[in-house]
Each structure stands twice: as structure tokens, then as C-alpha cells.
Amino acid sequence: MTRTVIFDLDGTLADTSGDLIAAANMALSEMGFAPQLNRGQDDATAFRGGRAMLRLAAERMALAEAEAMIERGYPLLLDAYGRDIDRHTSLYPGAMAAVGRLRAAGVAVGICTNKPEGLAIQLLDRLGISDQFASLIGADTLPTRKPDPAPYLAAVDAAGGALERSFLVGDTETDRKTARAAGVPCALVTFGPTGRAVAELEPEALVDHFDAFDTVVAQLLP
């Protein structure tokens, strides 16, 4: 059975927080509100998605009709993000070298993200790494999204792998819950905005730097 490693995208392979926050502030501006989100301070919220950022903005503005604003603002945010998707985004150090080592060792590699599929493909293309992944499942590829296990199962299957010989690499509680629901191990990166606090989610492994990722693979996929 082919060993398989499935990666989350935002906050795991790439730091996309700057462009996500800029898109949220643009959506707020288009709705007549002042920018509410700050790079650095709100990176963790950015990695939880567009609606999470708009909800935080609504809380800061004490909006009475928060949900209505979020639903109005979400498509504006996606449009703004698509127009300027990689101005501030960068791959984490060692990420693609680790992917290359996996591929050289015959390990199937895929992506399971809660970013809409079209935007995920666009970002991978702009970063020049689309051909490095055997599968990509986005938030809208299936009727459900993480932490439902179905997207993860689909990512493993599309990569040609087997569930029982796979694990998920992510950065948030959503990824931890997804792995648990799928019945597979989870490795969480510690170089995101919450740092080593992700250890509280009790993943099977922590990734402090992708240079040491081979050790994690040996531990979780012996």
C-alpha cells in the first residue's frame, strides 16, 4: 500500500495570512467599514478562514447584524483575495524540499484545504508548485469540508494512497479534528501564530521545522 501524506495549505505549507487579512479589509472597505484586521495580531484568525475574519471584525465593531454582514462580505472577500492572492504569501522554509523528499521516497503527497478549490489551484499555480501534489481537495470540492473526514478521504484516494497508511499535516484544531474523525495520525506545525500551543491538541507529532520532517514520517508511517 502506498504511503500517503496529506497537507493542509494555509498556515501549514504557506503563510497566506497577509493576503487573507488584506482581502478581509478590502471587503470591509467595499461595504463602507474601516479596516479592522491587523497582520501579525490576527494571523491565527486568518488561518481559520474568511468568515472567521469577518466575524472578528463584526465583534470589534459591535455590529448588531453581524451574520448579515458576514454573508454579504464573504463573496467580496473571495473576489478581493483572488485578485491579489500572492502579494504577501510565502512558502514556509523547507516545505517544498520536504515534499520533494517524500516524492523521491515513493510517498504520495496531496492537499486537503478549507480554501475554495479554485483559489487553492490559483495559489499553487502562482507559487509554481501545482505539479508537486497528486491530489487537491478544497472547501467546495465536496458537499462537506474539514473537520468532516470526507475531504481527507478523498484527498488520500485521489493521490492513490490507502487510508490506513496515511496521515494529515496541519496547523489548527480543525486539522486535528479531521484526522481524529478519519482515524489517522495528525502532525501539527509549531511555526504558525499559535506556536507550540498546538501541543495542547495532542497530535501524534509536532513539526518544528520541515528540515526535520523525515523523522515525523518515520514515526507515523514506519
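Leu220 contributes atom CG, which lies 9.0 Å from atom SG of Cys186 (distance to the nearest 0.5 angstrom). Note that CG of Asp214 and CG of Leu102 are 7.0 Å apart. Values are rounded to the nearest 0.5 Å. Once rounded to the nearest 0.5 Å, the distance linking OG of Ser17 with NE2 of His88 reads 9.5 Å. One distance of note links OG1 of Thr113 with CG of Leu124; it measures 9.0 Å at 0.5 Å rounding. Once rounded to the nearest 0.5 Å, the distance linking CD1 of Ile21 with CE of Met26 reads 14.0 Å. Interatomic distance, Tyr74 OH to Arg55 CZ, rounded to the nearest 0.5 Å: 11.5 Å.
Between Gln132 and Val109 there is no side-chain heavy-atom pair separated by less than 4.5 Å. When side chains are defined from C-beta on, Thr174 does not count as touching Arg48, because their heavy atoms never get closer than 4.5 Å. Side-chain contact check for Val184 versus Leu163: some heavy-atom pair is nearer than 4.5 Å. The side-chain heavy atoms of Phe33 and Asn25, taken from C-beta on, include no pair separated by under 4.5 Å. Here the side chains of Ile129 and Met96 are in contact, with some heavy-atom distance below 4.5 Å. Residues Leu91 and Leu127 have side chains in contact (heavy-atom distance under 4.5 Å, counting atoms from C-beta outward). With contacts defined as side-chain heavy-atom distances shorter than 4.5 Å, the pair Pro93/His209 qualifies. Side-chain contact between Val107 and Arg103: absent, with no pair of heavy atoms (C-beta onward) separated by less than 4.5 Å.
Here the closest heavy-atom approach between residue Leu54 and residue Met69 is recorded as O-CE, 3.4 Å. When all heavy atoms of Ala66 and Ala58 are compared, the closest pair comes out as CB-CB, 3.7 Å. Taking all atoms of both residues into account, the shortest heavy-atom contact from Gly94 to Asp211 is CA-OD1, 4.1 Å. Considering every non-hydrogen atom in both Ala14 and Thr89, the closest pair reads CB-CG2, 4.2 Å. The two atoms that bring Lys115 and Leu9 nearest to each other are CE-CD2, 3.9 Å, heavy atoms only. Shown here for Asp171 and Val198, the closest heavy-atom pair between the two residues is O-CG1, 3.7 Å.
In the displayed structure, Gln41 atom CD is contacted under 6.0 Å by more than 12 heavy atoms of other residues, nucleotides or ligands. For Glu173, the CD atom sits in a loose shell: 12 or fewer heavy atoms of surrounding residues, nucleotides or ligands are nearer than 6.0 Å. Counting non-hydrogen atoms of neighbouring residues, nucleotides and ligands closer than 6.0 angstrom, the CD atom of Gln219 exceeds 12 such neighbours.
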Could you walk me through whether Phe47 and Asn114 pass the side chain to side chain contact (heavy atoms under 4.5 Å, CB included) check? CA-CA 10 Å; Phe47 291 144; Asn114 274 352; over 6 Å; no
Would you check, one step at a time, whether the test side chain to side chain contact (heavy atoms under 4.5 Å, CB included) holds for Val5 with Phe213? CA-CA 11 Å; Val5 178; Phe213 191 64; 4.1 Å; yes
Verdict with reasoning, Glu71 to Arg51, per salt bridge (charged side-chain N to carboxylate O under 4.0 Å, His left out): CA-CA 8 Å; Glu71 291 310 306; Arg51 286 187 173 87; 3.4 Å; yes
Does the pair Asp42 and Arg60 meet the rule for a salt bridge (charged side-chain N to carboxylate O under 4.0 Å, His left out), with working shown? CA-CA 12 Å; Asp42 298 320; Arg60 287 178 175 167; 2.8 Å; yes
Under the side chain to side chain contact (heavy atoms under 4.5 Å, CB included) rule, what do Arg87 and Asp84 come out as? Steps first, then yes or no, please. CA-CA 6 Å; Arg87 179 182 298 270; Asp84 208 3; 2.7 Å; yes
Step-by-step side chain to side chain contact (heavy atoms under 4.5 Å, CB included) determination, Ile85 to Asp19: CA-CA 6 Å; Ile85 200 169; Asp19 289 312; 5.9 Å; no
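Hydrophobic clustering, with ILVMFWY side chains joined whenever heavy atoms are under 4.5 angstrom apart, groups Leu77 together with Leu63. With hydrophobic clusters built from ILVMFWY side chains whose heavy atoms lie under 4.5 angstrom apart, Leu37 shares a cluster with Leu78. Side-chain heavy atoms closer than 4.5 Å link hydrophobic residues (I, L, V, M, F, W, Y) into clusters, and following such links, even through other members, never connects Phe133 to Leu168. Both Leu119 and Phe7 belong to a common hydrophobic cluster when Ile, Leu, Val, Met, Phe, Trp and Tyr are linked at side-chain heavy-atom distances under 4.5 angstrom. No path of Ile, Leu, Val, Met, Phe, Trp and Tyr side chains, each step under 4.5 Å between heavy atoms, connects Val156 with Leu221, placing them in separate hydrophobic clusters.
Using a cutoff of 4.0 Å between basic side-chain nitrogens and carboxylate oxygens, Lys177 and Glu202 are not scored as salt-bridged. Salt-bridge annotation for Arg176 and Glu204: present, with a side-chain N of the basic residue lying under 4.0 Å from a carboxylate O of the acidic one. Look at Arg145 and Asp140 and you find no salt bridge, because none of the NZ, NE, NH1 or NH2 atoms lies under 4.0 Å from a carboxylate O.
In this model, no donor atom of one side chain and acceptor atom of the other lie less than 3.5 Å apart for Asp175 and Thr178. Checking Ser90 against Asp15 by side-chain atom types alone, no donor-acceptor pair falls below 3.5 Å.
Between Tyr152 and Phe167, a ring centre-to-centre spacing not shorter than 6.0 Å is recorded. Between Phe210 and Tyr92, a ring centre-to-centre spacing not shorter than 6.0 Å is recorded.
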